[in-house]
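Inspection log for the structure reproduced underneath, given as structure tokens.
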Amino acid sequence: MCGIIAYLGDKNSYPILLEGLRRLEYRGYDSAGIALLNGELSVYKKKGKVQELADLTENKGLFATIGMGHTRWATHGKPDDINAHPHFSGNNRLAIIHNGIIENYATLKEALTRLGHQFESETDTEVLIHLIEEFQNRDKLPLEEAVRKALNKVVGAYAIVVIDKNDPNKLVGARKSSPLVIGLGDKDLFIASDATPIIQYTNKVVYLNDEEIAVLTRDKGLEISTISNDELQEPVIHELDMSMDQLEKGGYEHFMLKEIYQQSQTISDCMRGRLNAIEGWVRLGGLEEHINRINKANRIIIAACGTSWHSALIGEYLIEDLARIPVEVEYASEFRYRNPILTDKDVVLVISQSGETADTLAAAELAKEKGALVYGIVNVVGSSIARMTHAGSYIHCGPEIGVASTKAFTGQVTLLTLMSLVLGQRNGSLSNSYYHQLIAELASIPDKVEKVLASNEKIKYLAGEIKNTNNTLYLGRGYNFPVALEGALKLKEISYIHAEGYPAAEMKHGPIALIDENMPVIVIATNVSAYEKIVSNIMEVKARKGIVIAIVTEGDVEIKRIADHCIEIPSTIDPLTPLLSVIPLQLLSYHVAVMRQCDVDQPRNLAKSVTVE
Ligand code: M6R
């Protein structure tokens with residue numbers, strides 16, 4: 001949710017922190033701040049984007065070889081200069097940056113107030129640094145011990161970094177249910193929320209585990225212990241396979257547009273080594289060891305949030321259709337709190353781009369506790385969900401920086417298609433001929449994605465037609481119903497136009513009352529199986545003077561006669577349709593948002609990964 005970057009080394013940390021914050025800004029952009037320690041412990045912070053902080057601090061000749069920075073997505077306390085991080089302790093000796101929520105902060109604040117502590121901000125974070133200060137002073141503890149003691153009193157989720165004015169050679173980081181990565185350079189040490197700000201300096205990282213404390217010092221380097229005791233743990237060093245150009249816009253105006261255009265490549269990357277159309281096979285390494293258990297499962301439950309939940313719905317259609325295993329889809333946030341019935345005969349798939357979404361992570365933990373096999377479908381390598389599941393598959397889309405998820409969606413759907421093919425072939429639900437037809441067609445999808453992208457200018461024109469609307473309806477049937485939900489979510493989140501996705505046949509049970517000559521209705525009408533039915537749904541909209549924009553299959557004649565506008569996509573078989581039909585909807589939202597001068601990559605109130613509840 002918030003972004004954390006800290007540096008200890010021989011270079012000036014100021015530009016490193018600022019650049020790091022720019023890379024982390026997709027995680028939160030309500031306010032930003034830095035703390036630099038060079039004799040004095042100085043904090044600079046500002047409401048708004050990282051650029052505001054850059055404007056505040058430029059030309060000040062800032063220099064320090066130890067420092068930390070934070071970009072915030074507000075939870076406790078409105079976004080303003082005072083609530084921005086870092087926060088000082090009462091004696092201004094310590095400073096902290098924090099991602100997460102301290103749930104018992106009110107009780108702690110009351111106790112600290114009785115001891116004479118005074119607070120400037122409304123944040124839970126400031127309470128934590130005062131608590132650390134209290135233990136450091138009262139018990140004369142080194143910084144890491146004071147941090148350990150304080151964290152033992154805290155209920156909640158956190159990733160923190162603490163700096164001590166009296167100890168310019170040390171950074172202390174700790175995590176519980178919020179990610180932290182340590183970067184190990186030749187002479188530099190980093191702590192960050194994810195690897196994006198570190199990768200330009202080193203590809204060697206250590207993922208801090210839950211409830212661990214990292215102490216970074218100039219002489220000893222990295223030492224890891226736990227929040228419960230000071231016994232040292234052996235750090236596991238990973239080498240990251242990420243390049244800088246994955247983190248740049250590469251000539252596109254926005255990350256979202258770049259990521260939409262990458263999809264032909266990212267779908268190929270997801271299939272690489274897993275599908276061979278010439279030899280006619282599909283394999284998924286992560287699945288192999290568990291395939292019998294999955295094929296014999298009572299049911300598969302898929303838990304996810306947001307766009308990943310929409311792919312989960314497509315997963316339900318795919319797995320039931322191709323592998324004939326019963327599937328239920330759950331919002332992770334509901335699943336984790338509703339005491340679900342789960343046994344070791346169930347399999348829980350968790351889908352997450354970031355691998356850090358708090359509710360999805362908690363759903364996976366719950367499923368594990370109850371004995372279910374937990375399988376992760378994740379993009380970010382080394383993320384919390386990827387590391388805690390029994391098995392899983394990466395979608396291999398590379399970093400997704402735009403807050404609106406695009407290439408991760410098609411990556412997840414591709415992976416779910418591969419998984420359904422493997423399961424269905426192995427348990428005998430798929431006929432040999434249909435299995436091979438699906439493989440051949442899936443292999444052709446990247447080329448077909450390119451063809452859809454070639455309609456960009458037409459889609460841009462249509463964006464101009466709907467850019468001033470206040471409401472839109474998205475309709476789809478079968479495999480295109482979750483695509484309608486996804487199209488509506490994309491429009492809402494980046495253009496702030498109200499949009500609803502509905503199964504087309506449900507329209508007459510209520511939403512039809514909304515339709516008049518001002519209501520654009522986007523119908524995903526490529527279905528081979530329910531074509532006549534979707535034609536009837538379009539007629540129902542037209543009879544009420546709604547404006548119909550239809551996504552149709554190349555060569556369609558009937559819908560073209562009745563819809564106001566059509567966007568063609570290449571023909572494919574029903575189960576693979578979402579991989580193509582979602583792309584015009586992504587582009588449509590993108591162009592509408594640009595025309596409305598919205599902040600496409602960092603839409604208001606949102607953040608890329610939701611690591612708090
Ligand atoms: O990282 P995750 O896939 O777990 O994230 C889930 C949602 O927060 C995410 O899909 C969100 O809905 C996006 N902003 C959608 O574009």
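Each ligand, and each atom within it, is numbered from 1 in the order the structure gives.
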Check if Glu356 has a non-hydrogen atom at a distance under 4.0 Å from any atom of ligand 1.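 Contact absent.
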
I'd like to know whether ligand 1 has Leu606 as a neighbour, heavy-atom separation below 4.0 Å.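 Distance cut 4.0 Å: Leu606 fails for ligand 1.
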
Within the structure, does [X] bring an N/O atom to less than 3.5 angstrom of an N/O atom in ligand 1?
X      : result
Lys608 : no
Gly306 : no
Gln412 : no

Can Lys249 and Glu253 be counted as an ion pair, charged N to O under 4.0 angstrom?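 No, this pair does not count.
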
Should Arg23 and Glu248 count as an ion pair when the cut-off is N to O under 4.0 Å?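 So Arg23 pairs with Glu248 through a salt bridge.
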
Between His70 and His85, what is the ring plane arrangement, given parallel below 30°, perpendicular above 60°, and tilted in between?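 Taking His85 first and then His70, their aromatic rings lie parallel (interplane angle under 30°).
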
Quick one: sort the Tyr590 and His254 rings into parallel, tilted or perpendicular, breaks at 30° and 60°.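 Judged by the thresholds at 30° and 60°, the geometry between Tyr590 and His254 is perpendicular.
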
If we check salt bridge (charged side-chain N to carboxylate O under 4.0 Å, His left out) with Asp210, which of these qualifies: Lys176, Arg175, Arg387?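 The residue from Lys176, Arg175, Arg387 that satisfies salt bridge (charged side-chain N to carboxylate O under 4.0 Å, His left out) with Asp210 turns out to be Arg175.
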
Considering non-hydrogen atoms of the protein only, which is the closest contact for [atom], and what is the distance?
atom                    : value
atom 14 (N) of ligand 1 : Glu493 OE1, 2.9 Å
atom 7 (C) of ligand 1  : Cys305 O, 3.7 Å
atom 11 (C) of ligand 1 : Thr307 N, 4.2 Å
atom 1 (O) of ligand 1  : Ser354 OG, 2.7 Å
atom 8 (O) of ligand 1  : Val610 CG2, 4.1 Å
atom 5 (O) of ligand 1  : Thr357 OG1, 3.4 Å

For [X], counting its heavy atoms only, list the atoms of ligand 1 lying under 4.0 Å from any of them.
X      : result
Val403 : 13 (C), 14 (N), 16 (O)
Ser308 : 2 (P), 3 (O), 10 (O)
Lys490 : 15 (C), 16 (O)
Ala404 : 16 (O)

Do Leu287 and Tyr375 come within less than 4.5 Å of each other through their side chains, counting heavy atoms only?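 Yes, close enough: below the 4.5 Å cut-off.
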
Within 45 degrees of the ring normal and closer than 6.0 Å to the centroid, is that where the cationic atom of Arg604 sits relative to Tyr496?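 Yes.
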
Measure centre to centre between the rings of His310 and Phe409, then say whether the value is under 6.0 Å.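 No - the distance between ring centres of His310 and Phe409 does not fall below the 6.0 Å cut-off.
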
